[in-house]
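What follows is a short report on a single structure.
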Number of protein chains: 2
Amino acid sequence: MSMDAVFRALADPTRRQLLDSLHARNGQTLNALGADMAMTRQAVTKHLAILEEANLVTSIRRGREKEHYLNPVPINEIAERWIGKFERGRLTALSDLKRRLERED
Amino acid sequence: MSMDAVFRALADPTRRQLLDSLHARNGQTLNALGADMAMTRQAVTKHLAILEEANLVTSIRRGREKEHYLNPVPINEIAERWIGKFERGRLTALSDLKRRLERED
DNA sequence: TTAATATGCAACCTTTTGGTTGCATGTCAA
DNA sequence: TTGACATGCAACCAAAAGGTTGCATATTAA
């Protein structure tokens with residue numbers, strides 16, 4: 001569950017759309033997820049594989065179908081361990097910008 | 001300030017490292033930022049351009065040097081507008097996973 | 001059993017990405 | 001003024017990413 005895999009998985013708009021879709025309706029099959037995407041089923045498969053690699057999606061085979069479930073934990077970890085750091089530094093950064101502007105004579 | 005540009009900017013480990021570096025010491029020049037990177041100055045320039053494109057970094061030319069400043073606002077927006085959505089759905093997603101496991105006989 | 005359905009695997013292609021090298025330009029300091 | 005220093009610009013290159021097509025496999029339903 002490397003943080004790098006999560007960041008790279010989130011970089012693609014199609015994959016974020018897949019997460020949105022699962023967030024709206026969890027447990028969808030590959031076909032259902034691909035229904036409203038403008039690409040082939042195989043392309044969606046690849047995107048889902050990347051999301052699973054990043055542990056953002058878990059899948060389970062049920063008969064001839066495969067259900068996909070959203071796992072929000074990695075997103076949470078990024079929020080807490082990475083984004084939190086920059087949020088805490090926000091005021092500092094803004095004062096830096098202010099100081100920078102003041103130096104402009 | 002498209003969210004897509006921010007996500008793609010954050011996808012590369014080198015660029016996250018640059019943000020970390022600016023977070024530790026704001027206002028660094030290109031040379032300073034590139035000092036501890038295992039790549040050429042020109043490569044760092046390109047990464048910084050992508051960060052500036054995403055509005056994560058602001059730069060100002062001072063004499064023959066260029067100072068770089070971290071802008072944490074886009075990170076904050078992602079945290080609030082995008083990540084927040086999944087955090088709110090966290091319990092729902094977990095109960096989905098539970099229900100899925102229970103169906104496994 | 002057979003046909004339809006759902007997914008998997010693999011080769012292939014094009015574009016983007018991350019990086020390099022080489023040279024140009026602008027600025028400071030002796 | 002001249003050399004050193006900081007950065008900019010552009011062409012080029014290899015690898016990765018995103019997508020396609022074609023075929024194989026497994027499961028359900030008639």
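In the text below, chain A, chain B and the rest are named by the order of the sequence lines, each starting its count at 1.
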**Study point:** Position toward the 5' end of DNA chain D (nearest nucleotide), A/Ala38 or B/Asn31
**Key:** B/Asn31
Check your understanding: Would you say a side-chain N or O of B/Thr29 is under 4.0 Å from OP1 or OP2 of D/dA6?
Key -> no
Review point. At how many degrees, to 10°, do the end axes of the helix from C/dT1-D/dA30 to C/dA30-D/dT1 meet when each uses five pairs?
Key: 20°
**Study point:** side-chain hydrogen bond (donor to acceptor under 3.5 Å, both in side chains) involving A/His47 - partner list, sequence neighbours excluded
**Key:** A/Arg15
Kindly give the atom pairs (protein nitrogen or oxygen, nucleotide nitrogen or oxygen) under 3.5 Å for nucleotides 28-30 of chain C.
none

Review point. Nearest-Å distance, CZ (A/Phe7) to P (D/dA17)?
Key: 17 Å
Review point. Could you state the CG-C1' distance from B/Leu48 to C/dG18, rounded to the nearest angstrom?
Key: 14 Å
Exercise for review: Could you tell me which residues satisfy side chain to side chain contact (heavy atoms under 4.5 Å, CB included) with A/Glu65, sequence neighbours excluded, listed by chain and number?
Suggested key: A/Thr29
Review point. Under 4.0 Å: is that the gap between some side-chain N or O of B/His47 and OP1 or OP2 of C/dG19?
Key: yes
Review point. Which heavy-atom pair separates A/Leu10 from A/Leu19 by the least distance, and what is that distance?
Key: CD2-CD1, 3.6 Å
**Study point:** Side chain of A/Leu30 - closest among C/dG18, C/dG8, D/dT7
**Key:** C/dG8
**Study point:** Modelled atom types, side-chain donor and acceptor of A/Ser59 and A/Glu52, under 3.5 Å
**Key:** yes
Review point. For residues 17-33 of chain A, which residue pairs qualify under salt bridge (charged side-chain N to carboxylate O under 4.0 Å, His left out), counting only residues two or more places apart or in two chains?
Key: A/Asp20-B/Lys85
Study note, to complete from the structure: When every non-hydrogen atom of A/Ser21 is compared with those of A/Leu33, the smallest separation belongs to OG-CD2, 3.6 Å
Review point. A/Lys66 has a side chain; which of C/dG18, D/dT20, C/dG8 sits nearest to it?
Key: C/dG8
Practice item. Please state how far atom CD1 in B/Ile60 lies from atom P in D/dA6, giving the value in whole angstrom units. Key: 18 Å
Nucleotide N/O of nucleotides 9-13 of chain D paired with protein N/O under 3.5 Å:
none

Exercise for review: Can you see which heavy atom on A/Ala5 is nearest to which on A/Ala54, and at what distance?
Suggested key: O-CB, 3.6 Å
Check your understanding: Taking atom P of C/dT27 as reference, at what distance in whole Å does atom CZ of B/Arg61 sit?
Key -> 7 Å
Practice item. For A/Arg16, check side chain to side chain contact (heavy atoms under 4.5 Å, CB included) against everything at least two apart and list the hits. Key: A/Pro13, B/Asp4, B/Phe7, B/Trp82
Exercise for review: Could you check how far CE of B/Met39 sits from P of C/dT17, rounded to whole Å?
Suggested key: 16 Å
Review point. Is the closest side-chain heavy-atom distance between A/Asn71 and A/Val57 below 4.5 Å?
Key: no
Side-chain donor-acceptor distances from residues 34-44 of chain B under 3.5 Å, at least two apart:
{"from": "B/Thr40", "atom 1": "OG1", "to": "B/Ala43", "atom 2": "N", "distance (Å)": "3.4"}

Point to revise | Distance in angstrom units between B/Glu65 CD and D/dA4 P, rounded | key: 18 Å
Study note, to complete from the structure: 5'-most contact on DNA chain D (nearest-nucleotide basis), A/Arg8 vs A/Ala43, goes to A/Arg8
Practice item. Find the distance B/Asp12:CG to D/dA15:P and express it as a whole number of Å. Key: 17 Å
Practice item. Search all heavy atoms of B/Asn26 against all heavy atoms of B/Leu70 and return the closest pair with its distance. Key: OD1-N, 2.9 Å
Review point. Looking at B/Thr40, does any N or O in its side chain come under 4.0 Å of the phosphate oxygens OP1/OP2 on C/dG19?
Key: no
Check your understanding: Which whole-number value in Å describes the distance from B/His68 NE2 to D/dA6 C1'?
Key -> 11 Å
Point to revise | Non-hydrogen atoms of A/Gly27 and A/Leu22 that approach each other most closely | key: N-CD2, 4.2 Å
